[in-house]
Each structure stands twice: as C-alpha cells, then as structure tokens.
Amino acid sequence: MDINSGQPPYYENHGYQPENFYVTRQPVDTNMYPQYPHPYYPPSVPHYVTRVPTHQTAPPVVQPKPPSAKVCTPKIKKILCIVLSVAILLTVAIIAAVLIWYFVISSCPGSSIECGSSGTCVSPSEWCDGVAHCPNSEDENRCVRLYGPNFILEVYSSVSKSWYPVCHDDWNDSYGKTACKDMGYNINTYYYSQRVASERGSTSFMKLNTSAGNIDLYKKLYKSASCLSGTVVALRCIKCGISSKNANLQGRIVGGSASALKEWPWQVSLHVQGSHVCGGSIITPEWIVTAAHCVEGQLSSPYYWSVYAGILTQSETGYSSAYKVTKIISHPSYNSDSKDYDVALMKLQTSLRLTDAVGPVCLPNPGLFFQPEQECWISGWGAEYQGGKSSEVLNAVMVPLIERSTCNSVNVYNGLVLPTMVCAGYLKGGKDSCQGDSGGPLVTENNSVWWLVGDTSWGTGCASRRRPGVYGNMTVFTDWIYRNMQANR
C-alpha cells in the first residue's frame with residue numbers, strides 16, 4: 001500500500017514517483033478518532049503542475065526581417081512534394097494495415113468473446129448472464145465453473161437456470177481440457193480430472209450422452225437425476241496454491257518477518273523505470289493480478305512495467321529476467337475515489353517458467369467461504385514503517401480477517417469498506433501492509449491449498465490503531481477475471 005496522506009484511505013500508488021517525492025503528512029492521532037463526514041471518499045492524489053511566473057514582462061519586440069532573396073526554389077518545392085507524398089502513402093498504408101488486423105485478423109476486438117464461428121462478439125459481462133446474446137446461445141451454453149475447496153466442476157443449465165455438478169461417468173481428460181479452455185486457461189497448464197463424492201447431496205447432475213457422437217462437449221451434456229458411479233468431476237486446470245510455508249512461523253511489511261524462498265511463489269514485484277512500485281500475484285504463467293490503483297492514468301500503458309518473479313530481494317532484479325507486459329485490464333467499475341473494484345489484470349508478453357519458487361496462487365472458487373478471524377498472510381516489499389522506504393527483502397506477516405461491520409463502525413472506517421473489499425489486520429495495530437505493498441496478495445490456506453483472498457488496496461497509515469488494512473475482495477472479482485482471461489487468450 002502507499003502512503004499519501006493522513007486522511008483515510010491513502011495506501012495508493014497513483015503512478016511512479018521517486019520516494020523523496022512523497023509528501024510527508026502528519027500521522028493520525030491514535031488517541032483521537034475523527035468523525036468522517038458521510039459519505040466520505042478518500043482524497044485524490046495531488047498532481048503537480050508546471051510553475052508559472054508570478055509577474056509578466058513586456059513581450060519582446062520582434063524586429064522585421066530585412067528583405068532577402070527567394071530561397072524556395074522550384075527544385076526545393078519538388079523535393080518537399082515528393083517527401084510529403086511518400087509520408088502520406090506510408091500513413092495510409094499503416095492505417096489500412098491496422099484496420100485489416102482489427103476487423104479481419106482480430107475476430108473480436110478489445111476484450112470481447114467470439115460466439116463460436118459466427119463472428120458475433122459479446123462483452124465478458126454478457127457471458128453467462130442468463131440472457132442469450134450469441135446467435136446459437138453459446139454465451140449461455142458454455143458456462144462452466146469450479147465450486148468449493150475440492151474444485152467440483154459445475155455446468156450451467158440455460159433451461160433450468162441452475163448450476164449442476166458433472167457426473168464422472170464416461171468423463172476423460174479431453175473433456176476436462178475443453179472445460180478449462182472455456183474458463184480462460186491454457187490447456188498446457190492442465191492438471192487433472194478426478195472423481196470425488198458429491199459434497200452437497202446433489203440429486204441432479206449434468207451427464208454425458210456417450211451415444212451423441214463426436215460433437216461439442218456441451219451438446220453431449222444433459223440434466224439427469226441419476227449418476228451410476230455416484231461420483232462427480234473434480235477439475236484442476238492448473239497446479240496452484242502450492243507453498244513450502246510453515247504456517248507456525250510468525251512474522252517488514254510492518255511487524256512481519258523476512259520470507260524464505262518458495263514460501264510465496266506467486267508474489268511478483270512490479271517495476272517502473274527500475275524501481276519497485278507495486279506487488280502482484282501470479283494466477284497463470286501469463287496473467288498477474290494487481291490493484292487497479294497501481295495502473296491508473298499514464299501507468300495504464302503496459303510499456304512502463306517490468307515484472308520480476310521468484311526473487312526475495314530487490315537487488316536480485318539486477319541480474320534476474322524481467323518480464324514485459326503486453327496488456328493491462330482494469331476493472332471497468334473501478335472508482336479511484338472510493339477504491340471500489342480495485343483490481344486489474346496484467347498479461348505478460350512471454351509466459352513465466354513455473355518452478356518451486358515461481359507458481360500461481362488459486363483463485364477462490366464459488367462456495368469457498370472465508371470467516372472472520374481466519375488467518376491470512378500478506379507479503380510484499382513495502383515500507384517497514386509509516387513513511388519509510390520500500391524494503392530490500394520480501395516480508396510477510398499473518399493478519400486475521402475482520403468482520404466488515406466491525407471495520408465499518410464509527411470509530412474505525414465509518415462505512416468506507418464496501419462489499420468489494422475485505423478487512424484484515426489488528427484493531428490494536430502493529431502489523432499491517434504499507435507503502436509499496438499495493439496490489440500484492442492476501443492469501444489463506446484451506447484444504448492444503450493457498451487461495452487468493454484479496455489484493456492490497458488501501459488503509460489509514462501503516463499498522464495504526466483501529467486502522468486495519470483493506471483489500472480487494474477476490475471472491476467478487478473471480479468471474480470477471482475468468483471472462484477476461486477467456487477473451488484475451
């Protein structure tokens with residue numbers, strides 16, 4: 001998170017600034033809790049303007065030029081005309097090439113998803129929304145998700161308007177790869193399909209019609225009240241959430257401890273002009289999740305950013321490979337004032353090479369619930385104290401989740417914590433994320449898997465009393481992430 005003011009919230013990176021450019025403001029008096037006006041929105045970050053003179057001087061007198069001989073000869077005019085003509089032709093050719101790519105090669109411009117081979121494009125928000133937008137209703141017939149801590153595969157029935165688990169009868173990895181592809185994953189990351197007992201006492205299933213022939217997977221599936229094997233499909237599209245973390249170790253973030261290699265393999269450092277600016281989390285070899293406020297304004301251009309993975313110290317960036325970013329997608333509902341929907345995706349130009357020290361965290365599945373007081377971990381190269389510089393080493397600390405109603409009480413954040421946010425930390429202070437941790441992960445372990453609970457968003461001060469950290473609520477963002485991964489494969 002970033003420190004921008006003494007008023008809540010101000011853990012925000014509005015673009016790269018050398019650390020000595022940050023304006024130091026007086027910390028909040030921990031013995032007094034101002035009553036924020038309702039509704040309160042955090043102040044925007046100051047922007048800097050060019051200095052202007054405080055007085056005016058008389059304009060200089062322009063002396064008329066003495067008459068001179070003509071220099072624009074017919075020969076020079078001819079050369080200028082040729083150069084201008086060539087420039088115009090080149091410009092037209094470039095525009096034509098771009099238009100051809102846009103409308104021909106790129107079947108669906110922007111982040112739209114193509115409806116089969118019809119050429120019709122729909123936005124990610126219209127996919128699986130209960131209304132058919134594609135000519136053959138592909139947007140409602142190709143809806144898949146993973147449910148709960150065991151990654152149960154569920155398929156949406158546009159007829160019943162409900163989600164059903166898939167019976168494992170006659171299921172194989174070929175079908176699993178198709179389902180993973182439709183969630184936006186690269187089939188090269190495919191992990192496994194296996195059978196597990198139905199968890200929710202299902203009486204209805206989606207079942208394969210094996211006599212349907214070699215047709216589309218979703219046309220083979222039909223609703224059934226029986227499942228001979230009595231088991232359903234558990235699908236893992238990528239091996240994620242694997243860590244060597246010893247959960248008994250306690251944690252500078254603020255009040256934390258240095259991390260060891262392989263503990264947080266999904267943690268990345270996002271750099272601008274050779275300096276660490278924000279954190280992020282690996283979710284696939286091509287995709288990074290970070291905070292939208294990290295990539296606002298000018299920094300929404302991918303060309304400013306470099307991504308470092310598998311490092312523990314910032315000095316390692318001097319000899320480690322930097323990954324370039326090819327696309328940045330901020331949530332369309334992001335509000336820079338309230339930090340509502342503070343999430344963004346970065347797509348890398350080249351895929352990360354996954355190792356024990358570089359690996360994805362799992363996105364939270366529907367049906368996975370995080371309870372108040374649940375132990376979570378934050379990590380990053382942020383400052384170790386309020387107003388400090390970024391840390392040289394990767395630090396981490398455990399912070400419990402806090403009930404939203406507690407964080408929204410009058411003497412804490414007074415209604416500023418929205419449904420798209422989660423609150424974590426200690427009301428007594430002492431342990432928290434800080435400047436430079438923005439966009440980084442808030443994770444928890446469940447069922448021997450590490451899940452991404454949130455991304456570091458905002459807060460008042462660092463580790464201040466009654467000012468815990470606020471994070472983007474990843475359970476709200478998961479569907480948006482999958483749709484954009486699918487649209488930008």
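Here, residue 1 is the first one in the sequence, and each next residue gets the next number.
- Between Pro302 and Thr326 the shortest side-chain heavy-atom distance does not fall below 4.5 Å.
- Without hydrogens or angle criteria, Asn172 side chain to Ser174 main chain gives a donor-acceptor distance under 3.5 Å.
- Panel note: side chain Asp342, backbone Ala291; no donor-acceptor pair is recorded below 3.5 Å.
- Side-chain contact between Ile282 and Val268 is present, with heavy atoms from C-beta onward closer than 4.5 Å.
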Worked check of side-chain hydrogen bond (donor to acceptor under 3.5 Å, both in side chains) between Ser351 and Glu286
CA-CA 5 Å; Ser351 298; Glu286 298 85 23; 2.9 Å; yes

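- Remark: side-chain polar atoms of Asp455 are not paired, donor with acceptor, to backbone N or O of Met474 under 3.5 angstrom.
- Glu373 has its side chain within reach of Pro400: a pair of non-hydrogen atoms, C-beta onward, lies under 4.5 Å apart.
- Between Trp266 and Val443 the shortest heavy-atom distance is NE1-CG1, 3.8 Å.
- Contact of the Ile329 side chain with the Trp287 side chain is registered, since non-hydrogen atoms from C-beta on lie closer than 4.5 Å.
- Side-chain atoms of Lys347 and Asn488 include no donor-acceptor pair closer than 3.5 Å.
- Counting all heavy atoms, side chain and backbone alike, Cys376 lies closest to Val453 at SG-CG2, 4.2 Å.
- Within a 6.0 Å radius of CZ in Arg353, no more than 12 heavy atoms belonging to other residues, nucleotides or ligands are found.
- Remark: of the listed residues Ile238, Val289, Leu354, Leu363, Ile238 is the sole one forming a side chain to side chain contact (heavy atoms under 4.5 Å, CB included) with Thr284.
- Counting heavy atoms from C-beta on, the side chains of Ile311 and Ser269 come closer than 4.5 Å.
- One N or O on the side chain of Asn365 and one on the backbone of Gly148 form a donor-acceptor pair closer than 3.5 Å.
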Working note: Glu316 + Tyr308, criterion side-chain hydrogen bond (donor to acceptor under 3.5 Å, both in side chains); need CA distance, chi angles, decisive distance, verdict.
CA-CA 9 Å; Glu316 292 176 62; Tyr308 291 91; over 6 Å; no

Where do Val232 and Leu153 land on the side chain to side chain contact (heavy atoms under 4.5 Å, CB included) test, with the steps shown first?
CA-CA 8 Å; Val232 294; Leu153 175 64; over 6 Å; no

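- Ile288 CD1 to Ser281 OG: the interatomic distance, rounded to the nearest 0.5 Å, is 8.0 Å.
- The line from OG1 of Thr178 to OH of Tyr218 is 7.0 Å long, rounded to the nearest 0.5 Å.
- Counting only distance, with no hydrogens or angles, the side chain of Ser301 and the backbone of Gln298 share no donor-acceptor pair below 3.5 Å.
- Between Pro285 and Thr189, some side-chain heavy-atom pair lies under the 4.5 Å cut-off.
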Derivation of the salt bridge (Lys or Arg N to Asp or Glu O under 4.0 Å) call for Asp479 and Arg483:
CA-CA 6 Å; Asp479 187 61; Arg483 296 291 166 247; 3.6 Å; yes

Check the pair Glu384 / Cys434 against side chain to side chain contact (heavy atoms under 4.5 Å, CB included), numbers first and verdict last.
CA-CA 7 Å; Glu384 299 175 10; Cys434 200; over 6 Å; no

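- Ring geometry, His276 versus His271: the interplanar angle exceeds 60°, so the pair is classed perpendicular (tilted spans 30 to 60°).
- Looking only at side-chain heavy atoms (C-beta outward), Val307 and Leu270 come within less than 4.5 Å of each other.
- Aromatic pair Trp458/Tyr413: ring centres closer than 6.0 Å.
- With hydrogens and angles disregarded, no donor-acceptor distance shorter than 3.5 Å links the side chain of Tyr164 to the backbone of Cys167.
- The backbone N or O of Leu418 sits less than 3.5 Å from a side-chain atom of Arg404, completing a donor-acceptor pair.
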Between Val399 and Leu442, does a side chain to side chain contact (heavy atoms under 4.5 Å, CB included) hold up when you go through it step by step?
CA-CA 9 Å; Val399 288; Leu442 171 74; 3.9 Å; yes

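- Side chain of Glu392 to backbone of Ser315: a donor-acceptor contact under 3.5 angstrom is found.
- Other residues, nucleotides and ligands place no more than 12 heavy atoms under 6.0 Å from the NZ atom of Lys181.
- Side chain of Asp437 to main chain of Gly382: a donor-acceptor pair is present (N/O by atom type, distance under 3.5 Å, no hydrogens or angles).
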Show your working on side chain to side chain contact (heavy atoms under 4.5 Å, CB included) between Val144 and Met183 and close with a plain yes or no.
CA-CA 7 Å; Val144 293; Met183 281 187 285; 3.5 Å; yes

The test is side-chain hydrogen bond (donor to acceptor under 3.5 Å, both in side chains); show your working for Lys262 and Ser243 and say whether it passes.
CA-CA 6 Å; Lys262 304 178 185 178; Ser243 167; over 6 Å; no

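- Between Trp450 and Trp264, the two ring planes are perpendicular [angle over 60°; tilted spans 30° to 60°].
- Between the side chain of Asn447 and the main chain of Val449, no donor-acceptor pair closer than 3.5 Å is present.
- Side-chain atoms of Val166 and Tyr175, non-hydrogen and from C-beta on, never get closer than 4.5 Å to each other.
- Only one option out of Ser438, Ser336, Ser330 pairs with His293 in a side-chain hydrogen bond (donor to acceptor under 3.5 Å, both in side chains); it is Ser438.
- Ring pair Phe151/Trp451: centre-to-centre distance below 6.0 Å.
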